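Some notes on the structure that comes next.
Since the structure is predicted, the reported quantities are computational estimates derived from the model, not experimental observations.
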Amino acid sequence: MAGLGTVTSTPSAEGPSGGFSQVFSQALRSVSQAQNTAHDLQREVTLDNPKVSLEETMVAMQRSNIGFQAALQVRNRMVQAYSDVMNMQV
């Protein structure tokens with residue numbers, strides 16, 4: 001789950017490496033992976049697996065939630081920007 005907050009895009013020698021859509025797709029995959037990890041840990045805690053701690057599960061759930069909220073805010077701002085551009089008078 002390391003890497004949830006470290007989504008970076010570095011330009012290559014040929015130019016940008018995919019731009020915003022690639023970075024956003026990578027961020028969404030990272031959020032999805034964090035949610036899946038949190039879900040798996042929740043299931044293991046429910047099944048009383050002694051190798052999985054409640055603290056680890058709670059941290060994973062919070063990371064997942066924060067990542068989801070950040071992605072949701074980016075989506076909302078993108079929709080707002082699109083609406084603003086579409087409502088501009090030509």
Side-chain angles (χ1 to χ4, degrees):
M1 195 143 25
L4 176 63
T6 58
V7 176
T8 59
S9 176
T10 56
S12 65
E14 295 87 34
S17 61
F20 179 77
S21 76
Q22 183 178 6
V23 172
F24 192 62
S25 294
Q26 180 184 358
L28 289 177
R29 282 191 296 275
S30 178
V31 168
S32 179
Q33 181 181 10
Q35 289 176 333
N36 291 338
T37 301
H39 181 265
D40 293 343
L41 289 172
Q42 286 176 354
R43 187 180 62 237
E44 292 300 318
V45 166
T46 303
L47 296 174
D48 290 329
N49 184 343
K51 295 180 182 178
V52 178
S53 69
L54 181 60
E55 294 83 8
E56 178 185 9
T57 303
M58 295 302 290
V59 168
M61 289 170 51
Q62 286 300 315
R63 283 184 180 167
S64 168
N65 188 29
I66 289 169
F68 178 75
Q69 292 298 323
L72 186 63
Q73 289 299 318
V74 170
R75 192 249 0 205
N76 289 343
R77 289 183 187 216
M78 286 175 36
V79 169
Q80 184 62 44
Y82 176 79
S83 295
D84 290 346
V85 167
M86 294 308 291
N87 288 331
M88 284 183 184
Q89 296 207 1
V90 182

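The OG atom of Ser21 sits 11.5 Å away from the CD atom of Gln26 when rounded to the nearest 0.5 Å. To the nearest 0.5 Å, atoms CD (Gln35) and OG (Ser30) are separated by 10.0 Å. Taken to the nearest 0.5 Å, the CD atom of Gln33 stands 13.0 Å off from the CG atom of Leu28. Taken from CD in Gln62 to CD in Gln69, the straight-line distance is 10.5 Å, to the nearest 0.5 Å.
Note on Leu41 and Leu54: same hydrophobic cluster, where clusters join Ile, Leu, Val, Met, Phe, Trp and Tyr whose side-chain heavy atoms are under 4.5 Å apart, directly or indirectly.
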Original post:
Checking side chain to side chain donor-acceptor pair (under 3.5 Å) for the pair Asn76/Gln80: CA distance, chi angles, key distance, verdict?
Top reply: CA-CA 6 Å; Asn76 289 343; Gln80 184 62 44; over 6 Å; no
Subject >> Stepwise side chain to side chain contact (heavy atoms under 4.5 Å, CB included) test for Met78 and Phe20 >> reply: CA-CA 11 Å; Met78 286 175 36; Phe20 179 77; 3.5 Å; yes
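Here Phe68 pairs with nothing under the ring pair (Phe, Tyr, Trp, His ring centres under 6.0 Å) rule; sequence neighbours left out.
Screening residues 18-43 for salt bridge (Lys or Arg N to Asp or Glu O under 4.0 Å), with sequence neighbours left out, gives Asp40-Arg43.
Here the options are Thr46, Leu47, Thr57, the test is side-chain contact (heavy atoms from CB on, under 4.5 Å), and the partner is Val52; only Thr57 passes.
When all heavy atoms of Ala34 and Ser64 are compared, the closest pair comes out as O-CB, 3.9 Å. Between Val31 and Gly67 the shortest heavy-atom distance is CG2-O, 3.5 Å. Pairing each heavy atom of Gln42 with each of Met61, the nearest pair is NE2-SD, 2.9 Å.
A donor-acceptor pair is defined here as one N or O able to donate and one able to accept, closer than 3.5 Å; such a pair exists between the side chain of Asn87 and the backbone of Ser83.
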